[in-house]
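Note on naming: letters A, B, ... go to the chains in the order of the sequence lines (proteins, then strands), and numbering restarts at 1 for each one.
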Amino acid sequence: MTGPARTGGSAPDERAGGARVGGVRQAGGVLVLVSRAVGGGAAPVRVRGVDDEAPHGVVGREAAPRWVWADTSAWYPRLLADGVRVERCLDLRLAHRVVRLAPGVSASPVATGPRGEFDGPTPAAPGAGDDALFAVDDRDAAPDEAACRAEVAALDQALSSEQAPDGAPDPAPDRAVALARLRLLLAAESAGALAAAEMHHAGVPWDTAAHDDVLRGLLGPRPRPGQRPVRLEELATAVREALDAPTLNPDSLPDVLRALRRVGLPVTSTRQWELEHLDHPAIAPLLEYKKLSRLHSANGWAWLDGWVDGGRFRPEYVVGGVVTGRWGSSGGGALQLPRQLRGAVRADPGWRLVVADAAQLEPRVLAGLARDERLAAAGRGHDLYGAMVDAGVVAERALAKVGMLGALYGGTTGPSAAVLPRLARAYPDALGFVEAAARAGERGEVVATLLGRGSPPPDEAWLASQARALSDEAGAREESRARTVSRGWGRFTRNFVVQGTAAEWALAWIAQVRRRLWAMGESGPAGRAPAPFARRPHLVYFLHDELVVHAPADLAPAVADEVRAAAAAAGRLLFGDFPVEFPLTAGVAERYGDAKG
DNA sequence: GCAATAAGCGCG
DNA sequence: AAAGCGCGCTTATTGC
């Protein structure tokens, strides 16, 4: 078995940007530009590479430098390792990928040109265990100086509102707005990339003993490698007895399915929701086995060994890793930390965690996106769903929630679908907006978020299935199949506009938080956090609509205020004067999970 | 024997 | 009959 540490062995500072030669990092031909504005034409200062010229000196010479580089995740970790913080940057690879798919600039050379070195992911450097013979010299893969300069110019041209298309004297006002929004998106993505690298650098403060306590309480003492914990072994025995299957392996799905059917249970899978309503003595221990087994394998002692080091969990965030613009993560399952274990996230002595969570983010984003005054009004206050009940739209809060989720995801069955007509009557602009996005997707069109991120076009297979259904000899089966596929894509585009715009709000929020935290300055004696954060509040965790700041205790209440102010600022950045609010539940605590609004 | 896939479940 | 979106990770199984 390869352990989790092995899987995540390529730390970002071992990635492209310089090749490892004989264990010594070489700067290679990768360019770092420093300019005063994003693609603003200011003469860049060239840094030949952070190994060649001390970055501290370069930053010090510039008033408000904006670093321009091919890839934040390739460069920034090394600056941070030297204790250097970058205030602003332009990440060319992230920018390129946004412009490539943005419907608003689909005619620009960046969008129409062939796939190039800014389209792909960061080339992974060879891991520690790989054979040197097959190691890739990533100097070939990393864009060189000329490529970076050309990319800056191409982005500049694509996003410039100075130049109207087709030689028209002035760009249309709405086009100027669209371009300004795209520029904001690029800035937000880049700021997010900085925050992501900083969070990896700082790490999540992790209380290994508390984690171990949770595991021992639920599973029993740590077993020898390859052995089941005692609690799991007990449950396995109970399941075997209840099913009269002495050799049953509870980890084998076909095995379990066969055994359940043999005792007469009409199951087609071993999914929790299918099992939980069955009345049989094997079900309870089986479900508990599955739950605990999951905890053991995904976040058990092996996870602790592999991912927590020196009291810090350091996941790698993948900015722009999800089509909608959300972040992904790699290593340790950072975005799936079970709630059970959040008590193991614990502030250092003399420090606190500030935990903030945007309440009902997606419905509020939809209200702003669709400029739905009535939905925005329902969200003015803390509980949007409660306000929907008070407005007489639905009878109870649970229905408001499930109905709204159905509208966002495209639910077609159950109580969610049942209340949709009421929501459509109460909030025609909001519901009409997601409905239009769904219809566009069904037709094979692309849709866009508020700031202009485009959805990926449907692939060849999608187009082929639609074409087949339209041909004369298409049978009923083919037509129904094509309809199913088309509706599936409509659900994706429906959700894309909301999830993607929510991700943009979150980027703006985190960018604001990051800036405001730095502006708070230093406090108290140096803690365990690495430079440049040893005496400063800093972000340590981000989860779509939730963030955690690690702060010196005396600053924590002020940090909570800044986080709230940042949310309001993010709302104004995206939605201007439109009266949509973004309340947070924010609290100060020693442990993540203890924080209350 | 190793790589890809499926099932299932954790998170929002 | 089934089909509410987006992910990452682990294990067992299948495929080459």
Do the side-chain N or O atoms of A:S252 get closer than 4.0 angstrom to the phosphate oxygens (OP1, OP2) of C:dT13?
-> yes
In whole angstrom, give the distance that lies between atom CG of A:D255 and atom P of C:dA12.
-> 11 Å
Are A:W303 and A:H211 close enough that their ring centres sit under 6.0 Å apart?
-> yes
A:T270 side-chain N/O to B:dA7 phosphate OP1/OP2 under 4.0 Å | no
Determine, for nucleotides 1-8 of chain C in 5'-to-3' order, which nucleotides have protein heavy atoms under 4.0 Å from the base (write B), from only the sugar-phosphate (write S), or from neither (write -).
-> --BBBBSB
Does a nitrogen or oxygen in the side chain of A:K291 sit under 4.0 Å from OP1 or OP2 of B:dG10?
-> yes
Does the gap between the ring centers of A:Y541 and A:Y592 come in under 6.0 Å?
-> yes
Verdict with reasoning, A:R222 to A:D305, per salt bridge (charged side-chain N to carboxylate O under 4.0 Å, His left out) | CA-CA 12 Å; A:R222 178 173 189 165; A:D305 289 348; 2.6 Å; yes
Fit a plane to each ring of A:F492 and A:W489, take the angle between them on a 0 to 90° scale, and name the class: parallel (under 30°), tilted (30 to 60°) or perpendicular (over 60°).
-> tilted
Angle between terminal axes - the helix from B:dG1-C:dC16 to B:dG12-C:dC5, 5 pairs each end, rounded to 10° = 10°
A:L253 side-chain proximity, nearest of B:dG8, C:dT13, B:dG12 | B:dG8
Between B:dG8, B:dG12, B:dG10, which nucleotide has the shortest distance from any of its atoms to the side chain of A:D545?
-> B:dG12
